[in-house]
Protein chains: 2
Amino acid sequence: MDRIDTQIVDELQRDARIPLRDLAEVVGVAASTCSERIRRLERRGIITGFHADVDLVALGRPVQALVSTQVRPLSRQFIERFYDDAMAMPEVIAVFVLAGGDDFLLHVGVGDVQQLHSFLVDKLSNRKEVTQFRSSIIFTQGQKRSLENLRSIGMVGEVDRNSGRTTRTSRS
Amino acid sequence: MDRIDTQIVDELQRDARIPLRDLAEVVGVAASTCSERIRRLERRGIITGFHADVDLVALGRPVQALVSTQVRPLSRQFIERFYDDAMAMPEVIAVFVLAGGDDFLLHVGVGDVQQLHSFLVDKLSNRKEVTQFRSSIIFTQGQKRSLENLRSIGMVGEVDRNSGRTTRTSRS
DNA sequence: ATTGAAACGAACGATGG
DNA sequence: CCATCGTTCGTTTCAAT
């Protein structure tokens with residue numbers, strides 16, 4: 001993960017279909033080197049895939065919500081089972097397993113509010129391990145398509161040679 | 001958005017770099033038709049982009065959290081300003097603007113817990129419009145890379161010709 | 001490790017069927 | 001929607017650095 005890899009990853013996050021020669025020019029290496037670097041980043045699991053982003057309205061999901069869900073008992077078995085089942089539901093876009101207050105956060109996207117109601121009542125309330133949930137409609141959402149490497153912009157704590165403590169200054 | 005478009009979108013969500021001839025074979029049309037369909041889907045804004053997905057640990061963000069944030073006064077001006085500022089912060093991965101209880105949910109990813117603390121204390125608490133916040137560490141997270149078109153699997157309510165009401169049965 | 005060149009196959013954009 | 005054509009692009013190989 002040197003400067004060249006970081007720059008390649010940056011560009012591919014922004015546009016996975018950038019022509020190789022343009023990418024090579026931006027990064028400052030030959031196209032053949034670029035091609036090899038990309039393959040290595042994929043093999044190392046740093047680049048996990050290339051995906052098309054789609055307008056959720058076109059996918060029949062104009063209504064989105066976040067559903068905080070409490071699951072009891074909070075054992076590994078129940079957590080993993082609920083996680084798998086939630087991910088298998090077509091309404092569910094993402095699942096977060098959390099520490100603290102609530103145990104799960106479900107990001108759901110559906111066609112209308114009736115479907116949201118049906119999801120909550122028929123698919124969540126029905127489950128015995130779900131002890132409570134609270135849902136919020138999403139008005140707008142911003143998802144960053146390209147994330148910076150925090151290490152490359154000096155945001156990762158480095159050990160201070162004098163104090164021996166880890167710095168926690170954000171230099172952004 | 002017929003069956004062919006839906007299938008093309010499905011495949012491109014799964015793998016944005018699938019060879020055109022393979023895609024054409026799966027969908028059952030000629031490669032030239034496929035190419036034209038993809039360009040049209042992009043022009044219509046249904047496909048919004050092609051992005052590489054990257055391992056967050058490799059990006060220097062092994063620690064992730066969800067931060068529920070309350071903003072007062074809840075005027076359009078303050079909402080938009082906070083949204084823009086949040087999206088501009090390098091730690092922030094996504095911002096949700098919500099109806100109900102809390103106003104914002106911030107998805108943040110940082111290098112360590114010190115940075116998370118610094119983010120909360122230095123960048124959120126400092127703001128006068130932020131009246132309270134609560135953060136939860138993310139243990140695990142599942143994000144669906146390819147979403148189904150709910151209309152194509154019969155999950156969108158259709159008007160019942162007899163009752164005039166919208167059906168809300170999930171046939172999944 | 002990176003480079004530039006060469007060679008093959010695939011993709012693109014346009015045209016006509 | 002399909003087939004074709006010329007051009008551009010991606011990938012691989014290889015000798016050289």
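What you are looking at is a predicted structure, and each value in this text was computed from that prediction instead of being measured. Below, chains carry the letters A, B, ... as their sequence lines are ordered, and counting in each starts from 1.
- Listed pair Arg37(B) / dC1(D) meets the phosphate criterion, a side-chain N or O lying under 4.0 Å from OP1 or OP2.
- Here dC14(D) presents its C1' atom at 13 Å from CD of Glu36(A), a figure rounded to the nearest Å.
- In this structure, Arg40(A) does not reach the dA1(C) phosphate: none of its side-chain N or O atoms is under 4.0 Å from OP1 or OP2.
- Distance Glu25(A) CD to dT3(C) P: 13 Å, rounded to the nearest Å.
- Taking only side-chain nitrogens and oxygens, Arg21(B) comes nearer than 4.0 Å to OP1 or OP2 of dA10(C).
- In terms of phosphate contacts, Arg39(A) brings a side-chain nitrogen or oxygen within less than 4.0 Å of OP1 or OP2 of dT12(D).
- Taking atom CD1 of Ile38(B) as the reference point, atom P of dG13(C) lies 11 Å away to the nearest angstrom.
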Considering only distance and modelled atom types, tabulate donor-acceptor pairs under 3.5 Å from the side chains of residues 58-68 of chain B, sequence neighbours left out.
residue	atom	partner	partner atom	Å
Arg61(B)	NE	Glu148(A)	O	3.3
Arg61(B)	NH1	Pro90(B)	O	3.0
Arg61(B)	NH1	Gly109(B)	O	2.9
Arg61(B)	NH2	Glu148(A)	O	3.1
Arg61(B)	NH2	Pro90(B)	O	2.9
Gln64(B)	OE1	His107(B)	NE2	2.8

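- Judged by distance alone, the side chain of Thr131(B) and the main-chain N or O of Gln70(B) form a donor-acceptor pair under 3.5 Å.
- No hydrogens or angles were tested; on distance alone, a donor-acceptor pair under 3.5 Å links the side chain of Ser32(B) to the base of dA3(D).
- Contact annotation: Ser35(A) reaches the phosphate of dT11(D) (side-chain N/O to OP1 or OP2, under 4.0 Å).
- Atom CD1 in Ile18(A) sits about 12 Å away from atom P in dC9(D), given to the nearest Å.
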